[in-house]
Amino acid sequence: MHDLGTFRANLDAYAERLARRGTTLPLEQFRDLDARRRAAITETEKLRAQQNEQSREVAKLRKEGVDTSAQQAALRAMGDRIGELSKQTDALDSEFRELLATIPNTPHESVPDGKSADDNVEVRAFGAPRPMDFEPKSHWDLGPDLGILDFERAAKVTGARFAVYWGLGAKLERALINFMLDVHTAEHGYTEVLPPFMVNSASLFGTGQLPKFAEDLFKLENSDYWLIPTAEVPVTNLHRDETLDGDELPYRYAAYTPCFRSEAGSHGRDVRGIIRQHQFQKVELVKFTRPDQSFAELDGLTADAEDILRRLGLPFRTMLLCSGDMGFGSAKTYDIEVWLPGQQTFKEISSCSNYEAFQARRANIRFKNGKKSEYAHTINGSGLAIGRTWVAILENYQQADGSILVPEALRPYLNAEVITKRAEIK
RNA sequence: GGUGAGGUGGCAGAGUGGUCGAAUGCGGCGGUCUCGAAAACCGUUGAACCUUUACGGGUUCCGUGAGUUCGAAUCUCACCCUCACCGCCA
């Protein structure tokens with residue numbers, strides 16, 4: 001969310017910058033609504049001031065023993081009028097704030113112009129596809145063939161877009177979680193956090209999922225609890241309504257959580273395999289920084305995520321997203337895309353974004369800068385999406401006989417060098 | 001699930017219908033003293049919004065929401081959260 005005062009004072013500049021990402025600011029609507037809102041506030045407050053003053057007068061008179069029933073009757077009428085007025089004022093004010101809350105962040109100056117993913121810019125690449133003298137298979141064939149991935153039973157137990165992992169498939173998932181957390185905490189300086197997997201709506205507002213993207217989320221019945229779509233939500237909101245110590249920034253957190261997404265609106269996309277599931281696991285990296293260090297910390301966080309792929313020997317490229325392809329609250333985003341031989345394509349496995357003060361303003365996250373307190377910057381990115389890493393390992397390390405070679409770095413975690421066909425459970 | 005206690009400023013903690021944004025202490029900031037520091041002393045110290053060229057003025061905020069009243073931190077109701085004990089449970 002943008003700062004109200006700055007935003008209003010520089011409406012045209014904001015409109016120009018938002019146009020870069022394809023957002024048209026409803027300038028007229030905004031100006032009109034704001035004018036009506038302010039007029040209403042001014043009038044209501046003027047009446048309130050009168051009411052307060054006259055009430056004080058009543059108190060004084062009553063102390064002197066004077067009968068004040070006439071004044072009280074007049075004040076009662078005034079109170080009714082104020083009640084009605086303030087109802088209108090509140091309505092205008094919340095309408096205005098809702099409008100403000102649905103305006104996305106402005107792109108950073110280092111972000112290239114563009115309309116879609118086609119305009120994203122490759123900034124780095126690593127590795128080359130392993131040579132294969134056979135036709136590479138997709139994970140949705142490899143997994144079931146090996147008996148480690150099961151869609152039929154997942155559909156029975158729950159429904160579409162869910163998966164069951166068996167044996168070394170399940171263990172590979174667990175190995176990846178442990179491997180990533182170990183690297184980030186022991187070598188990249190992150191503190192491990194295990195947050196709740198459900199959050200309240202205030203948290204979802206803080207990180208920007210609400211009010212605009214409720215349909216992407218799962219909400220629990222008869223409560224204000226929602227399943228988290230990413231650990232970004234609980235972890236960023238850890239410091240909601242807090243003032244952090246500026247000398248101790250940046251804070252760096254690594255959190256493993258499952259993530260739940262309704263995937264409304266993506267019917268027909270990635271229907272095969274486990275690329276797009278209602279439930280997936282992720283190790284998320286989150287930072288709280290000072291404004292002057294946030295872009296350097298974004299680069300650092302992106303490098304930390306890339307490091308996991310390097311250690312696993314998985315080819316990837318890092319894309320700087322163009323202005324038109326960025327998420328709602330982000331000022332700058334890098335997507336890391338891993339190579340998937342089964343589909344002969346690069347697939348997003350991490351998205352690393354600097355939100356600047358956009359989330360901090362919504363979530364009221366400040367830090368003490370000398371005497372003054374100002375809004376912190378928040379950064380987050382996957383480090384990495386576990387399910388898609390699992391896919392990448394199967395597809396990149398598959399062998400001609402359909403078995404999977406286990407990358408060196410994972411062997412201590414998996415206690416195996418090759419994943420072979422699992423004996424069926426009788 | 002039951003019973004009881006409680007939620008007030010950065011923290012601790014008073015305040016049970018009017019001049020309370022709120023005593024007091026701690027912390028923070030500024031100053032006096034000092035070569036410097038500590039101590040002591042003096043002063044100062046919340047946020048959002050509206051208005052004003054500015055100085056300033058005003059409104060709201062004592063867990064959240066509704067209500068009573070001319071007037072609510074203070075009274076009523078609902079909800080949320082915290083703590084203690086009991087029951088149940090991984």
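Order of the sequence lines fixes the chain letters, A, B, ..., with proteins taken first and strands second; residue numbering starts at 1 for each chain.
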Looking at [options], which one has an atom nearest to any side-chain atom of [X]?
X	options	answer
A:L4	B:rC70, B:rG18, B:rC49	B:rC49
A:T42	B:rU51, B:rG18, B:rC49	B:rU51
A:R37	B:rA47, B:rC70, B:rC50	B:rC50

Suppose you measure atom [atom1] in [N] against the same atom in [M]; what distance do you get, rounded to whole Å?
N	M	atom1	answer
B:rU34	B:rA48	C1'	43 Å
B:rC62	B:rA54	P	30 Å
B:rG17	B:rG13	C1'	22 Å
B:rA47	B:rC42	C1'	28 Å
B:rG46	B:rG21	P	14 Å
B:rG4	B:rG57	C1'	48 Å
B:rU53	B:rU69	C1'	42 Å
B:rU45	B:rA22	P	10 Å

Nearest-Å distance, [atom1] ([X]) to [atom2] ([N])?
X	N	atom1	atom2	value
A:I82	B:rG71	CD1	P	9 Å
A:Q71	B:rU69	CD	P	18 Å
A:D80	B:rG71	CG	C1'	14 Å
A:R366	B:rG10	CZ	C1'	13 Å
A:N364	B:rG10	CG	P	11 Å
A:D241	B:rG10	CG	P	11 Å
A:L92	B:rC50	CG	P	13 Å
A:D90	B:rC50	CG	P	14 Å

Results of ring-ring contact (aromatic ring centres under 6.0 Å, His included) for [X] - residues two or more places apart only:
X	answer
A:H184	A:H188, A:Y190
A:H108	A:F295
A:F151	none
A:Y413	A:F179

If we call it a pair only when both distances are under 3.5 Å in a Watson-Crick or G-U wobble match, what pairs with [N]?
N	result
B:rU32	B:rA40
B:rG1	B:rC86
B:rG46	B:rC61
B:rU69	none

Heavy-atom nearest nucleotide on RNA chain B for A:K87 versus A:R76: which residue maps closer to 5'? A:K87
Where each residue is assigned the nucleotide of RNA chain B containing its nearest heavy atom, which of A:R62 and A:R97 is assigned the position nearer the 5′ end? A:R97
So A:F367, base contact, sugar-phosphate only, or nothing? Heavy-atom distance under 4.0 Å. nothing
Can you check whether A:R8 has a side-chain N or O nearer than 4.0 Å to OP1 or OP2 of B:rC50?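 Looking at the OP1 and OP2 atoms of B:rC50, one of them is under 4.0 Å from a side-chain N or O of A:R8.
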All N/O donor-acceptor pairs, side-chain side in residues 68-88 of chain A, below 3.5 Å, sequence neighbours left out:
from, atom 1, to, atom 2, distance (Å)
A:T68, OG1, A:Q72, NE2, 2.9
A:S69, OG, A:D67, OD1, 3.3
A:S69, OG, A:D67, OD2, 2.9
A:S86, OG, A:G83, O, 3.3

Centroid separation under 6.0 Å, is that true for the rings of A:F358 and A:F328? yes
Quick check: A:W226 with A:F260 (ring centres under 6.0 Å apart)?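 That pair fails the under 6.0 Å test.
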What salt bridge (Lys or Arg N to Asp or Glu O under 4.0 Å) pairs are there with at least one residue in residues 281-298 of chain A, not counting sequence neighbours?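 Salt bridge (Lys or Arg N to Asp or Glu O under 4.0 Å) check on residues 281-298 of chain A returns A:R252-A:E297, A:K282-A:E284, A:K287-A:E297, A:R290-A:D292.
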Going by salt bridge (Lys or Arg N to Asp or Glu O under 4.0 Å), name the pairs with one or both residues in residues 261-275 of chain A, residues two or more places apart or in two chains. A:E263-A:R276, A:D270-A:R276, A:D270-A:K347
Answer whether the closest heavy-atom distance between the side chains of A:N237 and A:V199 falls below 4.5 Å. no
Taking only residues two or more places apart in sequence, or in another chain, which ones meet A:S294 in a side chain to side chain donor-acceptor pair (under 3.5 Å)? A:N354, A:H377
Does the side-chain hydrogen bond (donor to acceptor under 3.5 Å, both in side chains) test come out yes or no for A:T420 and A:S403, once each step is laid out? CA-CA 5 Å; A:T420 52; A:S403 67; over 6 Å; no
Indicate for each nucleotide in nucleotides 73-78 of chain B, in 5' to 3' sequence, whether protein heavy atoms under 4.0 Å reach the base (B), only the sugar-phosphate (S), or nothing (-). ------
N/O-N/O pairs, protein side and nucleotides 52-61 of chain B side, under 3.5 Å:
from, atom 1, to, atom 2, distance (Å)
B:rG58, N2, A:E45, OE1, 3.0
B:rG58, N2, A:E45, OE2, 3.4
B:rU59, OP1, A:N52, ND2, 3.1

Heavy atoms within less than 4.0 Å of RNA chain B: which residues of residues 193-202 of chain A have one? Give them sorted by number. none
Mind telling me whether A:H278 and A:F218 have parallel, tilted or perpendicular rings, with 30° and 60° as the class edges? perpendicular
Distance-only donor-acceptor pairs under 3.5 Å for side chains of residues 204-215 of chain A, two or more places apart:
from, atom 1, to, atom 2, distance (Å)
A:T207, OG1, A:S203, O, 3.1
A:T207, OG1, A:Q209, OE1, 2.7
A:K212, NZ, A:T102, O, 2.9

